[in-house]
A.B. asks: 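Pasting in a structure now, in structure tokens, and then I'll have a few things to ask.
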Amino acid sequence: MPQFYMAYHVTRDIEDPTEQADHQARYQAWMQEHADALVVAAQPLGPQWTVSKGGVSEGFDGTMMGYTILNAPDLEAATTIAASCPFCEMGNLQLAEMMVMPG
């Protein structure tokens, strides 16, 4: 079954504690609903660096705060799962099918 990489990009922080708790509860429910499809669920990222030919520097342009890897029979099923994610209320998700390199 194909695997898809889903990157979380935050565009809006939720500052109200009640709204945060409600959002977290809905996100937990979403993860439970799709538990069979989530291979790596809600993997947060810590400090980040940019590594290039020019060297290494702390941080990078962008707002990626984590990722999920999910199994889905096709892109339509993967986008349906992603579109139902409550995270979309505070940012956007990038979704890409993970390709297998020829051995």
Side-chain angles (χ1 to χ4, degrees):
M1 180 174 301
Q3 288 191 330
F4 294 84
Y5 173 84
M6 189 170 79
Y8 297 85
H9 294 271
V10 67
T11 59
R12 172 182 89 88
D13 286 329
I14 298 175
E15 296 182 18
D16 177 62
T18 303
E19 187 180 354
Q20 282 179 350
D22 178 61
H23 184 268
Q24 186 63 26
R26 288 184 290 110
Y27 186 75
Q28 293 295 324
W30 176 83
M31 287 195 306
Q32 288 177 343
E33 178 183 353
H34 298 289
D36 290 344
L38 304 180
V39 177
V40 175
Q43 178 62 52
L45 299 176
Q48 301 161 5
W49 290 265
T50 297
V51 179
S52 68
K53 241 182 172 174
V56 178
S57 59
E58 191 171 355
F60 62 78
D61 286 338
T63 58
M64 190 169 146
M65 62 181 288
Y67 68 92
T68 289
I69 296 175
L70 61 97
N71 285 333
D74 54 37
L75 179 61
E76 182 178 355
T79 57
T80 298
I81 292 169
S84 68
C85 181
F87 181 86
C88 292
E89 297 165 11
M90 60 183 285
N92 61 63
L93 301 169
Q94 290 181 315
L95 185 68
E97 185 172 352
M98 297 175 70
M99 306 305 293
V100 177
M101 296 293 289

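This one's a predicted model, so the numbers in the text were calculated from it and none came from an experiment. Just the heavy atoms: all of them, side chains too, but no hydrogens, waters or symmetry mates, feed the values below.
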A.B. asks: Would you list the pairs meeting salt bridge (charged side-chain N to carboxylate O under 4.0 Å, His left out) in which at least one residue belongs to residues 3-15, sequence neighbours left out?
C.D. replies: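 Listed once each, the pairs are R12-E19.
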A.B. asks: Under the side-chain hydrogen bond (donor to acceptor under 3.5 Å, both in side chains) test, which residues partner D22, sequence neighbours left out?
C.D. replies: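 side-chain hydrogen bond (donor to acceptor under 3.5 Å, both in side chains) list for D22, sorted by chain: R26.
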A.B. asks: Can any side-chain N or O of Q48 pair as donor or acceptor with the backbone N or O of M64 at less than 3.5 Å?
C.D. replies: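 Yes, the answer is positive, given that a donor and an acceptor are paired below the 3.5 Å cut-off.
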A.B. asks: Of the non-hydrogen atoms in C88 and A82, which two are nearest, and what is the gap between them?
C.D. replies: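 Where C88 meets A82 most closely, the heavy atoms are SG-O, 3.8 Å.
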A.B. asks: Is there a continuous path of hydrophobic side-chain contacts, each under 4.5 Å between heavy atoms, that joins L93 to Y67?
C.D. replies: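 Different clusters.
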A.B. asks: Quick one: side-chain contact (heavy atoms from CB on, under 4.5 Å) partners of P17, sequence neighbours excluded?
C.D. replies: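 side-chain contact (heavy atoms from CB on, under 4.5 Å) check on P17 returns nothing, list empty.
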A.B. asks: Between I69 and I81, is there a shared hydrophobic cluster once you connect ILVMFWY residues whose side-chain heavy atoms come closer than 4.5 Å?
C.D. replies: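 Hydrophobic grouping puts I69 apart from I81.
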A.B. asks: Output a table of donor-acceptor pairs, distance under 3.5 Å, between side-chain atoms of residues 2-10 and any protein atom two or more places apart or on a different chain; print 'none' if there are none.
C.D. replies:
unit_1, atom_1, unit_2, atom_2, d
Q3, NE2, N71, OD1, 3.3
Y8, OH, Y27, OH, 2.6
Y8, OH, T68, OG1, 2.7
H9, NE2, Q94, OE1, 2.7

A.B. asks: Sort and list the pairs that fulfil salt bridge (charged side-chain N to carboxylate O under 4.0 Å, His left out) and have at least one residue in residues 72-81, not counting sequence neighbours.
C.D. replies: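 Qualifying pairs: none.
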A.B. asks: Please give the remaining members of the hydrophobic cluster of V56, linking ILVMFWY side chains under 4.5 Å, ordered by chain and number.
C.D. replies: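 Under the 4.5 Å side-chain rule, V56 groups with W49, V51.
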A.B. asks: Enumerate, atom names and distances included, each donor-acceptor pair closer than 3.5 Å involving a side-chain atom of residues 32-47, sequence neighbours excluded.
C.D. replies:
none

A.B. asks: Could you give the distance from NE2 (H23) to CH2 (W30), rounded to the nearest 0.5 Å?
C.D. replies: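 So the gap between those two atoms works out to 10.5 Å.
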A.B. asks: List in chain and number order the residues that pass side-chain hydrogen bond (donor to acceptor under 3.5 Å, both in side chains) with Q24, two or more places apart in sequence or in another chain; answer none if no residue qualifies.
C.D. replies: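 Listed in chain order: nothing, the list is empty.
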A.B. asks: Name all pairs fulfilling the salt bridge (charged side-chain N to carboxylate O under 4.0 Å, His left out) condition that reach into residues 41-54, sequence neighbours left out, sorted by first residue then second.
C.D. replies: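 Applying salt bridge (charged side-chain N to carboxylate O under 4.0 Å, His left out) to every pair that reaches into residues 41-54, excluding sequence neighbours, yields nothing.
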A.B. asks: Can you run down the salt bridge (charged side-chain N to carboxylate O under 4.0 Å, His left out) pairs that involve residues 37-49, sequence neighbours left out, and say none if there aren't any?
C.D. replies: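 Of all non-adjacent pairs touching residues 37-49, none passes salt bridge (charged side-chain N to carboxylate O under 4.0 Å, His left out).
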A.B. asks: Write down the atom of L70, the atom of A78, and the distance for their closest heavy-atom approach.
C.D. replies: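 It is CD1-CB, 4.0 Å.
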